Amino acid sequence: MGEKAGAPREIQVRGARVHNLKNVTVSVPLNRIVGIAGVSGSGKSSLALGVLYAEGSRRYLEALSTYTRRRMTQAARADVDEVLYVPAALALHQRPGVPGIRSTFGTGTELLNSLRLMFSRLASHRCPNGHSAPPSLAVAAGQELVCPVCGARFYAPGAEELAFNSQGACRTCGGTGVVRAVDRSTLVPDDSLTIDQGAVAPWNSLMWALMTDVCRAMGVRTDVPFRDLTDREKEIVYDGPAVKKHILYHAKNSNDVAELDFTYYSAVRTVENALAKVKDEKGMKRVEKFLKEDICPDCGGTRLSEAARAPRLRGIGLDEACRMTLAELTKWVDGVPASLPEEMRPMAASICQSFQAVARRLMDLGLGYLTLDRSAATLSTGERQRMQLARAVRNRTTGVLYVLDEPSIGLHPSNITGLTAVMDDLVADGNSVLLVDHDTQILSHADWIIEMGPEAGARGGQVVAQGTVRQLEEDPASRIGPFLSARARPQTRRQLPPEELFAEGRIRLATDAIHTVKPLEVDLPKGRLTVVTGVSGSGKTTLILESLVPGLEALTAGRPMPPHVRQVTADGIERVKLIDATPIGINIRSTVATYAGVHDELRKIYARSPEARALGYKAGDFSYNTGKLRCPTCDGTGAISLDVQFLPDVDIPCPDCRGSRYSKDAGRARVVTRSGAAFTLPELMAMDIHTALDACADWKVVRQRLQILEDLGLGYLTLGEDTPSLSGGEAQRLKLASEMGRGQGDTVFVFDEPTIGLHPLDVQTLLGVFRTLIDSGATVVVIEHDLDVIRSADFLLDMGPGGGEEGGRIVALGTPEQVAQNPDSVTGRYLR
């Protein structure tokens, strides 16, 4: 790659040693789309995020003043000899954080800012007497308005007065759109108990015990089962008036009797009183089990006060505009300038252009089906990541390195076209795009690919191939090349004829409308692999995670169905297991060994060693969380945090235990295996599962559990690896470990996009896991976009045909072959 005079053409990385990178030296082309590929754990993210992004962002921040840097989170210096010509970098992470209750699609994309400005500056405003004043430039000039009907003088609201996170919030719900109400079904959980026995749950945990005595004084029998009380008595318990009663109070631990005048608190009022007094999270924990969330009765869930809903633009209020899909709203915004007086149109065009520039990006990324009032917490990982991408590129910057961590997550093959178009725009604006991904459709669009490997963990961390897509297709060292050329295809299971699909039975689901999913009825085959597909926003998550899973949980637990679920029948099903990509554990004390149940067994084995017995060590002493053999310097975490004052804190491996988590005394106990090799527990915890299988060959339980992890394709993980740092796909497979090797005829497994973070070779391993579960009798339901998984299904359920209001229906059902022949199925088009 030649260099233009004065303009570097590539980033030069020399001697990178982050995580498992083995002194990597590589050149990364600038002003191009560069893909980084490789099997899970091969070092892709270490190179992209740990080296290039870390150095790009750190160097940019170091150019700022010390005062500014102290207030910003900064990346630590990467372990690399040299990185030359790296631009300022922005990273779009694989799993953006789940937003809070106050975040919506409108606030997250900042489209709501432009919309509020439109309604503030361009709308008809209401005078204090309820009359409408026409749009006027006087609003933007900050002038007083005069009502043309009654002559009242008033000022139009500013944009902040239309914000539900500020002055425009509904007073009843505080701008959240929901209110907490007492859930009456929780007040008397067991009506076979008497009130004396504690039938009224809130009186037990939130109120004085003497409320039973006050209730008795109200005329309610407290010594008969609650179910046998009259309707009038039950009404008093739930909603009786707050009147004072004179009671005789018998102290529990003595024979003392006291006369008291005490106000009666009904069960409902007890909860409401406790909620009003909540001051911290601990207090809320005590109350929340008696509460349910309802739509706010005053704002109808719009979050806005009546005054914020009053301005009218093109005949509608801000709340109505927020209920439109983005596709509908962009058409509506197009018509705003023409609806206004001539003198206001230039200003209107400027505000509307600001809105449309962001909206077009989001539409290109396939998010036109979302409404601005959609709670951001209900969006999928892929939707949140595309919001993040649109926000990052809206300013048309130049000279930036964009690092995209698996941008294909959550994208149907038909949606990837919009994503590649955005990447092309970024490069056309003079930026560089570096994407870590496994999806061959998106990698095929790259100008240059760097492949890491050859395997994972200690066996990876090297550049095994690099070049154009064509060069990798022809490179025998490349493991992604055969998939780019479509030469490699996983072996699919024998396609069952349609008449055999339901031979093992069926699961029936019937729902009413929820979100954008229409009322529907569907049968899923038991004992088969069902894959649920469809474009983004077509209703897959709503159908499976919000309907099927809670419906099956309610059925197996004997609880009432969710309100929108009309029916679930599943003969013989007693368990439903959701295997999703949420991180395992909340801190670095959770490791692969502890989660897989191996560490407890190892502690027992080492406690039985001759050295441990001689030294008086017990199994509990080998715990790095609480045992006396944990490293005292890092307290068993393996790392310490250094306060570097003006720079961000730096986490480094503990200098005493070198990351092993154990003190030197733990190394005095060794176990000798049948082969004659001897290992300490810290040495064993530093091994990857491949190596540990040989070391633990003599220990049946440990070997069996490690073999399951190996069979799940996780052999490259070390026993001491922190589980919160695992990728989504790794977390899902680790969660499966405890389920393998047992009969599963009574279990439904639901997987939410399990190919996240998986190389096509790992997808083949995953398909083998599905086959093992099904051979054990399990029913497997998978939400997925990966075409290799879709082709391997016994039964496909394709949602759509589009997203949002254009979706929510079952477009096609049947075998992959049947769906491929269905002209209405977008997925079928790609299967063909």
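Here the structure is a predicted model, which means the values were calculated and not measured.
Of the N and O atoms on the side chains of Asp786 and His438, not one donor lies less than 3.5 Å from an acceptor on the other residue. In the model, Ser547 has a side-chain atom that pairs as donor or acceptor with a side-chain atom of His564 under 3.5 Å.
Looking at Asp294, its side chain never comes within 3.5 Å of a backbone N or O of Ala181 through a donor-acceptor pair. With hydrogens and angles disregarded, a donor-acceptor distance shorter than 3.5 Å links the side chain of Glu320 to the backbone of Gly317. In this structure, the side chain of Lys44 does not engage the main chain of Leu435 through any donor-acceptor pair within 3.5 Å. The main-chain N or O of Thr755 is found under 3.5 Å from a side-chain atom of Glu784 such that the two form a donor-acceptor pair. Between the side chain of Asp447 and the backbone N or O of Ile33 there is at least one donor-acceptor pair closer than 3.5 Å. A donor-acceptor contact shorter than 3.5 Å is absent between the side chain of Arg809 and the backbone of Gly800. Looking only at distances, no side-chain donor or acceptor of Asp364 sits under 3.5 Å from a matching main-chain atom of Val422.
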All N/O donor-acceptor pairs, side-chain side in residues 167-175, below 3.5 Å, sequence neighbours left out:
from	atom 1	to	atom 2	distance (Å)
Arg171	NH1	Ala169	O	2.5
Thr172	OG1	Asp298	OD2	2.3

Considering only distance and modelled atom types, tabulate donor-acceptor pairs under 3.5 Å from the side chains of residues 151-164, sequence neighbours left out.
from	atom 1	to	atom 2	distance (Å)
Arg153	NH1	Glu144	OE1	3.4
Glu160	OE1	Ser166	OG	3.0
Glu161	OE2	Gly158	N	2.8

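Summarising the local packing, CZ of Arg312 is surrounded by more than 12 heavy atoms from other residues, nucleotides or ligands at distances under 6.0 Å.
At least one side-chain heavy atom of Asp798 sits under 4.5 Å from a side-chain heavy atom of Ser825.
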message: I'd like to know whether Leu304 forms a side-chain contact (heavy atoms from CB on, under 4.5 Å) with Cys299, so could you lay out the CA-CA distance, the side-chain angles of the two residues, the decisive distance to 0.1 Å, and finally the verdict.
response: CA-CA 6 Å; Leu304 295 167; Cys299 70; 5.7 Å; no
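Contact check on Arg309 versus Glu306 returns no salt bridge, with no Lys/Arg side-chain nitrogen under 4.0 Å from an Asp/Glu carboxylate oxygen. Here Arg361 pairs with Asp425 in a salt bridge; the nearest charged N to carboxylate O distance falls below 4.0 Å.
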